[in-house]
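Below, each value reflects all heavy atoms present in this structure, side chains not excepted, and no hydrogens, waters or symmetry copies. Whatever order the structure lists ligands and atoms in, that order sets their numbers, starting from 1. These numbers were taken from a predicted model, which means no experiment stands behind them.
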Amino acid sequence: MGKSSLVNRLAGRRVAVVEEHRGVTRDRKSVEVEWRGVTFDLVDTGGWLAQGDALEAKVSEQAERAIASADHVLLVVDVATGLMEEDRQAARWALRSGRPVSLVVNKVDDVVHESSGWEFLSLGAGDPHFVSALHGRGAGDLLDHLVDSLQEVTEETEIDVNDGALRVAIVGRPNVGKSTLFNKLIGEERSVVHDMPGTTRDAVDTVVETDSGPIRFIDTAGMRRRAKTEAGLETYAVLRSLDALDRADIAVLVIDATVGATGQDQRLAERIAAAGCPAIVVLNKWELVATDDRPNVLATVGDKLAFLGDAPVLKTTATSGKGVHRLLPALQESAADYVKRVPTGALNRAIRDLQIKQPAPTGKIRYAVQGAIEPPTFTLFVAGRLPATYLRYVERSLRERFELGSTPLRVRIRVD
Ligand code: GDP
């Protein structure tokens, strides 16, 4: 793959071998690199091998250990061999580590090779950095990027949690029944539930392992402890909800059905919509609403929360647990969609069809790739310009065609 020559290239003349481990199998070399006044250690691993004998497993283990102690991972792939299954596995491993990962496409000796390098976007490790270890092409840009990123890491105050779990925020005004609902939900769930440090220092999240993957409920300490919000602290509770929303992939907006959607609920709904976060609306204390009033309550809530579009609406009685069993499947569905991968061929057929149905006024999508999951992220390669309304049309069409439900989607544009 040419990693060693890349390391030498990046280290340049500034190379000083500070450490040299003779491993059982291959060398794991660490060299000190200085770039723009920033010094860091660059560790060359033997690589990561999908499968193989004991010797190869050792090599992979070394790479894994190197990743675990790294501040940044360079995932090096080879444009000459193209995308290999091993690249996918290595990418998955690197991304799972929660470390920032940069995708380095090596052996791109000239601009002609760049076009074949875009296929690596589907690794989900971000935009490729094209380099040629042999000729030095792109090495300076890569070092710039690396140094910027390393500086960001040291300035970062939040803990980066990237465990692939769908992040769910349960939000709503005090006393609507969030705690009751949450405890019912995890009490009835027979799968594993554990508390984890949250993404901010004092927060605690709860992770529920479900069949379709882990779901992380954000900032649940208050709900688990059944700590009561003091009267008059409504604004504080809503602020806390807003904070959780910023870190969530999907929001569960709990509303007291006997009160209906209030101004505060509307504010929350607007924030959810603005964050591009899909929502599930829960009308709790449903048993207290008289049967005759129910259609009216549903209609009024629908009107007041029109920003939330087609968000599913569940009716629950958290105290008895009635209706609560529907929440987890609704979230699981979102979780499954969240990791969905659309094959490139099918994606490009969809792009072609949606453009035939409604061509963009000022541009054309030449092709598209799904660059990432969690959430599904599509990169459109565009000639000309696409207005925001057209992007929303693309997003809607892809969501429908690939049955992506209410999971968040990202659509990015790259102008050729
Ligand atoms: P939170 O502040 O949103 O977490 O609300 P809580 O879960 O603490 O609930 C507030 C009050 O509403 C408590 O007294 C609950 O017992 C009650 N409550 C919660 N869910 C329901 C429900 O579905 N029906 C009824 N009647 N009361 C409920």
State if P174 counts as touching ligand 1 under the rule of any non-hydrogen atom under 4.0 Å. yes
For atom 28 (C) of ligand 1, tell me which residue out of L283, T319, L288, T180 has the closest non-hydrogen atom. T319
Taking N or O atoms only and a 3.5 Å limit, does A318 qualify as a polar contact for ligand 1? yes
Backbone or side chain, does any N or O of V176 fall under 3.5 Å from an N or O of ligand 1? yes
Near-ring test F40/W35, centroid separation under 6.0 angstrom: no
Any N or O on W286 sitting closer than 3.5 Å to an N or O of ligand 1? no
Salt-bridge test for D205 and R167: reply yes if a basic N is under 4.0 Å from a carboxylate O, no otherwise. no
With the threshold set at 4.0 Å, does a side-chain nitrogen-carboxylate oxygen contact exist between R137 and E114? yes
Can you tell which part of E287 has a heavy atom less than 4.0 Å from ligand 1: side chain, backbone, both or neither? side chain
Basic-acidic side-chain contact under 4.0 Å: R216, D249: no
Nearest 0.5 angstrom please: L181 CG to I170 CD1, how far? 6.0 Å
R173/D256 ion pair, N-O < 4.0 Å: no
With a cut-off of 4.0 Å, which atoms of ligand 1 are near a heavy atom of K178? 1 (P), 2 (O), 3 (O), 4 (O), 5 (O), 7 (O)
Under 4.0 Å between a Lys/Arg side-chain N and an Asp/Glu carboxylate O for E395 and R399? yes
Can you tell me if R173 has a non-hydrogen atom under 4.0 Å from ligand 1? yes
Does any N/O atom on T317 come nearer than 3.5 Å to any N/O atom on ligand 1? no
